[in-house]
Amino acid sequence: MVEVHVNIEDHVHLSGKGEQYRKELLNQVSSDGRLIMESVTPRRTSRGANSYRIIKKANVHEIRNDVFYLPFVNEGTGLYGPLHRRITPVHAKVLHFHWKGQEWFLPSVRGQKPRKFVERGVQDIVRSIEKASIIAANKTLK
């Protein structure tokens, strides 16, 4: 599961248009963040990139994706993952899969390198906050 939490702290008590601005900014940042995460997610089948959703709580919005394989794409597998060893079959003699239109039988594979798309997406979200604050201000403070 991939989660990005967007939180706008309210240490200062806001009322009226200030509260409207905070809510609009939170909505703007989370919707922009969803689009950013969709754009940086690797697309092989588009299932992972098209599965982001925003869960709205009081002062926190979560950009969530429950596709089970995305952490493996982000962190890497096999030699490139946390265990640093080749991927081997557990209950069979060889691995069997289809790739690039061919059927493969292999005793082991190296795995895939980490793509680190979540980290890139979060950096892009942080960079987009200034633009989102201008849009939110134009919607609420005029």
Check: Hey, is CZ on R44 packed in by over 12 heavy atoms from elsewhere, all under 6.0 Å?
Finding: no
Item checked: Non-hydrogen side-chain atoms of V67 and L70 separated by less than 4.5 Å -> yes
Check: Do the side chains of V40 and Y69 join up, straight or via other hydrophobic residues, at under 4.5 Å, putting them in one cluster?
Finding: yes
Check: What closest approach, in Å, do T140 and A136 show between heavy atoms, and which atom pair accounts for it?
Finding: OG1-O, 2.8 Å
Note to self: So, taking the atom named CG in D66 and the one named OG in S51, what distance separates them when rounded to the nearest 0.5 Å?
What the structure shows: 8.5 Å
Next item on the list: May I ask you to decide if I36's main-chain N or O and D124's side chain share a donor-acceptor pair within less than 3.5 Å?
Entry: no
Item checked: N-O pairing of K56 and E62 below 4.0 Å -> no
Next item on the list: Check N65 against G48 and note the closest heavy-atom contact, atom names and distance.
Entry: ND2-O, 2.5 Å
Margin query: Quick check: is M37 connected to F68 through a chain of hydrophobic side chains (ILVMFWY, heavy atoms under 4.5 Å apart)?
Written below: yes
Checklist line | Atom of A132, atom of V29 and distance for their closest heavy-atom approach | finding: CB-CG2, 3.8 Å
Item checked: Over 12 non-hydrogen atoms of neighbours within 6.0 angstrom of CZ in F97 -> yes
Next item on the list: Please step through side chain to side chain contact (heavy atoms under 4.5 Å, CB included) for the pair F105 and E103, ending with a clear verdict.
Entry: CA-CA 7 Å; F105 297 94; E103 188 173 24; 3.7 Å; yes
Notebook entry, point to check: Would you say H84's side chain and L79's backbone share a donor-acceptor pair under 3.5 angstrom?
Noted result: yes
Note to self: Rounded to the nearest 0.5 Å, what separates atom CG in N27 from atom CD1 in I135?
What the structure shows: 12.5 Å
Note to self: Let me check something: do V73 and V109 share a hydrophobic cluster, defined by ILVMFWY side-chain heavy atoms less than 4.5 Å apart, either directly or through other members?
What the structure shows: no
Note to self: Please check this pair: side chain of W99 against backbone of W104, looking for a donor-acceptor N/O pair closer than 3.5 Å.
What the structure shows: no
Margin query: To check you understand the geometry: which heavy-atom pair defines the closest contact between P82 and G76, and what is its length?
Written below: CD-O, 4.2 Å
Checklist line | Interatomic distance, K139 atom NZ to K23 atom NZ [nearest 0.5 angstrom] | finding: 15.0 Å
Checklist line | Point-to-point distance, once rounded to the nearest 0.5 Å, from CD1 of I63 to CD of E38 | finding: 9.5 Å
Margin query: Are more than 12 heavy atoms, taken from residues, nucleotides or ligands other than K116, located less than 6.0 Å from that residue's NZ atom?
Written below: yes
Checklist line | Nearest non-hydrogen partners of R86 and S108, listed with the distance | finding: NE-OG, 2.8 Å
Margin query: Please determine whether the number of non-hydrogen atoms from other residues, nucleotides or ligands lying under 6.0 Å from atom CZ of F72 exceeds 12.
Written below: no
Margin query: Using side chain to side chain contact (heavy atoms under 4.5 Å, CB included), reason through R64 and I54 one step at a time and then give a plain yes or no.
Written below: CA-CA 6 Å; R64 181 179 287 183; I54 298 171; over 6 Å; no
Check: Can you tell me how far the CD1 atom of I134 sits from the CG atom of L25, to the nearest 0.5 Å?
Finding: 11.0 Å
Margin query: Are the side chains of H61 and K57 in contact, using a 4.5 Å heavy-atom criterion?
Written below: no
Check: Is there a donor-acceptor pair under 3.5 Å between the side chain of R34 and the backbone N or O of Y52?
Finding: yes
Margin query: Once rounded to the nearest 0.5 Å, what's the spacing between atom CG of L95 and atom OG1 of T88?
Written below: 7.0 Å
Notebook entry, point to check: Hey, is CZ on R43 packed in by over 12 heavy atoms from elsewhere, all under 6.0 Å?
Noted result: yes
Checklist line | Backbone N/O of Q112 and side chain of T77: donor-acceptor pair under 3.5 Å | finding: yes
Checklist line | Shared hydrophobic cluster for L106 and I87 (ILVMFWY, side-chain gaps under 4.5 Å) | finding: yes
Next item on the list: Search all heavy atoms of Y80 against all heavy atoms of G111 and return the closest pair with its distance.
Entry: CE1-O, 3.8 Å
Next item on the list: Taking the side chain as every heavy atom from C-beta outward, state whether H98 and K100 have any atom pair closer than 4.5 Å.
Entry: no
Next item on the list: Spell out, as yes or no, whether a donor-acceptor pair under 3.5 Å connects the side chain of N74 to the backbone of R115.
Entry: no
Notebook entry, point to check: Side chains of R22 and N59: does their closest heavy-atom pair fall under 4.5 Å?
Noted result: yes
